[in-house]
Every structure is written in structure tokens, then in C-alpha cells.
Asker: 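Sharing a structure below in C-alpha cells format, with a few things to ask.
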Amino acid sequence: MSSPVESSYTYEDYKKTADWLMATIEQKPKVAIICGSGLGGLADLLQNKTVLSYKEIPDFPQSTVHGHAGQLVFGELNGKFCVCMQGRFHFYEGYSCSKVTYPVRVFSLLGVETLIVTNAAGGLNSTFKVGDIMLIKDHINFPGMAGQSPLRGPNEERFGLRFPCMSDAYDQDLLRLAKQTAEKENCVLQEGVYCMVGGPTYETVAECRLLRTLGADAVGMSTVPEVVVARHCRLRVLGLSIITNMVVSDYNCTNHANHEEVLEAIERRAKDLQKLVSNLVSQI
Ligand code: HPA
């Protein structure tokens with residue numbers, strides 16, 4: 001008889017992908033890094049690399065966004081064995097939340113204990129500037145609150161609890177470590193709440209004002225589903241956003257959010273973010 005709920009992946013699907021990867025790579029990673037748009041350069045810093053295109057990995061989703069490489073890169077970052085996702089999957093591309101988060105469960109089966117997520121975000125906090133790097137201390141999951149959760153459907157107990165806690169989603173020790181590392185590098189960090197929206201539209205003036213009122217400091221179209229699934233299977237999470245544009249919250253403003261401005265800001269700060277993550281990873 002067919003299932004009364006929408007179909008999703010089974011434990012065996014994740015296991016099949018993880019087993020294939022385990023047979024292909026030489027060492028199991030302890031840290032996974034999801035590289036946001038334009039931030040895939042981090043994977044180029046890895047030594048003794050094994051590069052696997054998403055196309056060759058059984059059951060792995062494929063990336064559709066221009067400029068996303070679509071590959072897993074395994075190797076050593078500053079002496080620590082890591083896996084980098086060069087090219088993530090976005091809900092706005094049409095992927096289901098379970099597809100967006102497929103890699104995270106695979107990483108957990110590979111023995112990954114820490115997930116680092118990076119992204120581009122619009123600045124809502126008026127003290128932020130374009131080019132700032134923000135540590136994510138908490139999130140607002142708009143799609144999740146509206147029912148689009150990657151954990152919707154039957155719970156897979158082998159990954160985690162039916163009702164997982166999210167009040168400690170972003171690991172306090174990793175936040176401290178990130179601040180200490182940044183201080184040594186004279187890299188100024190902001191800290192704030194990241195709000196995920198479904199996209200692909202940028203926000204209206206009224207939406208920007210709403211998000212600000214709700215206590216969000218930055219807004220973006222990714223990251224949160226992966227964090228939810230990572231916390232469900234008890235991975236420690238660190239999140240970093242590059243503030244690529246300040247949101248338009250005034251009807252008289254002549255600036256318009258656009259993808260080119262976002263990519264430009266990423267390019268300017270990508271190296272600093274890569275250095276920070278690389279130094280941080282060696283201390284995990
Ligand atoms: N809004 C939503 N997502 C974004 C933005 C924004 O202003 N900038 C970068 N990603």
C-alpha cells in the first residue's frame with residue numbers, strides 16, 4: 001500500500017550514498033563545510049584532495065545555479081580532514097527541503113561531528129555595513145514556521161528525535177572560538193540573528209521592516225534547513241554570513257538589491273572568510 005504521506009528519502013538511501021563515499025575516499029572527515037554562493041574558493045585551500053562531482057555520487061542532488069561548481073571536495077584544511085560542499089542546494093531552485101539537506105545526513109553517516117555553514121545575506125541591522133562578516137547566533141526559520149521543514153514526515157529515529165530542540169542550534173564553544181580566532185587576525189566580526197526567507201525575490205520595503213521588527217539582523221535564502229537537519233542528528237554548527245547588501249527599508253531609496261552587488265561583496269570578503277574558517281578548523 002502506498003504511504004499516506006509524501007515520499008522522502010529512507011535511511012537506506014543516505015546509507016547507500018555514504019557507503020559509496022566511504023569506499024571512495026581515503027579518510028573520513030570530522031568537519032563538513034557548506035560553501036555559500038561565491039565562497040567555494042575555500043575548497044581550493046584543501047591539500048591532498050579528492051574531488052567528486054555531484055553527478056558521480058549515487059543519489060546526490062544536482063546544483064542548478066550558475067557559478068556553483070557542484071562537487072564534494074575531501075582533503076586536509078590546515079591539517080584537519082574536511083569535506084567541502086562546493087555548490088549548495090536552495091529551496092528557491094525548486095528542491096524539496098529533504099533534497100536541500102540530503103548531504104547533511106550523508107555527512108553525519110560519514111562520521112562528521114561539526115558543520116560549518118557560510119552564506120551571503122542582506123543586512124537588516126542598521127549598524128552593519130556591506131562586507132561585514134556576521135557570526136550567526138540564532139535563526140528565524142520562516143519556511144519552517146510555515147510548514148516547510150526538512151523534518152516534516154515520519155521521523156527517522158536513527159538520525160534523531162521527533163521534536164528536536166533548536167534553542168541551542170549554534171554551538172557556543174564554536175562561537176567563542178570564532179571570536180578568538182578573528183581577534184587574533186584583526187578581523188572584525190558582527191554577531192546576529194539570520195532570518196531565512198523562501199526567495200527568490202528580494203524583500204519588499206514592508207517585508208524588510210517586518211523582519212527588523214522581529215529581531216532579525218540579516219536575511220537570506222539558505223542555510224536554515226541544513227542547520228535544522230544537522231542539529232537533528234546532533235552535529236555541532238557554526239554559521240557565518242557575509243553581508244552583501246543593505247536591505248531597502250525606505251520607499252525613497254533608489255538602491256535596488258541585485259545579484260551582481262551580492263557577488264561583488266562576496267568577492268571582496270571571500271579571502272578573509274576563508275582565512276578565518278581555515279584557522280578555526282585547525283583548532284576544532
Ligand atoms: N535578501 C535575501 N537574500 C539575500 C539578500 C537579501 O537582501 N542578500 C543576499 N542574499
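For ligands, and for the atoms within them, numbers begin at 1 and follow the listed sequence. FYI, the numbering just counts along the sequence from 1.
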Asker: Nearest 0.5 Å please: distance from the CG atom of L77 over to the CG atom of L280.
Answerer: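 The distance works out to 10.0 Å.
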
Asker: Would you call D272 and K275 a salt bridge, taking side-chain N to carboxylate O under 4.0 Å as the test?
Answerer: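 No, this pair does not count.
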
Asker: Does the side-chain contact (heavy atoms from CB on, under 4.5 Å) test come out yes or no for K30 and T114, once each step is laid out?
Answerer: CA-CA 7 Å; K30 284 275 178 253; T114 304; over 6 Å; no

Asker: Does a side-chain N-to-carboxylate-O contact under 4.0 Å join E76 and K49?
Answerer: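 No.
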
Asker: Pick out the protein N or O atoms lying less than 3.5 Å from any N or O of ligand 1, and list each pair with its distance.
Answerer:
unit_1, atom_1, unit_2, atom_2, d
ligand 1, 1 (N), E203, OE1, 2.8
ligand 1, 1 (N), E203, OE2, 3.3
ligand 1, 7 (O), N245, ND2, 2.9
ligand 1, 8 (N), G122, N, 3.3
ligand 1, 8 (N), N245, OD1, 2.7

Asker: Going by side-chain heavy atoms closer than 4.5 Å, which hydrophobic residues are tied to V205, directly or by a chain of links?
Answerer: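 V248, Y251, listed by chain and number.
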
Asker: Quick one: do R231 and E226 make a salt bridge, cutoff under 4.0 Å?
Answerer: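 Judged by the 4.0 Å cut-off on N to carboxylate O distance, R231 and E226 do not form a salt bridge.
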
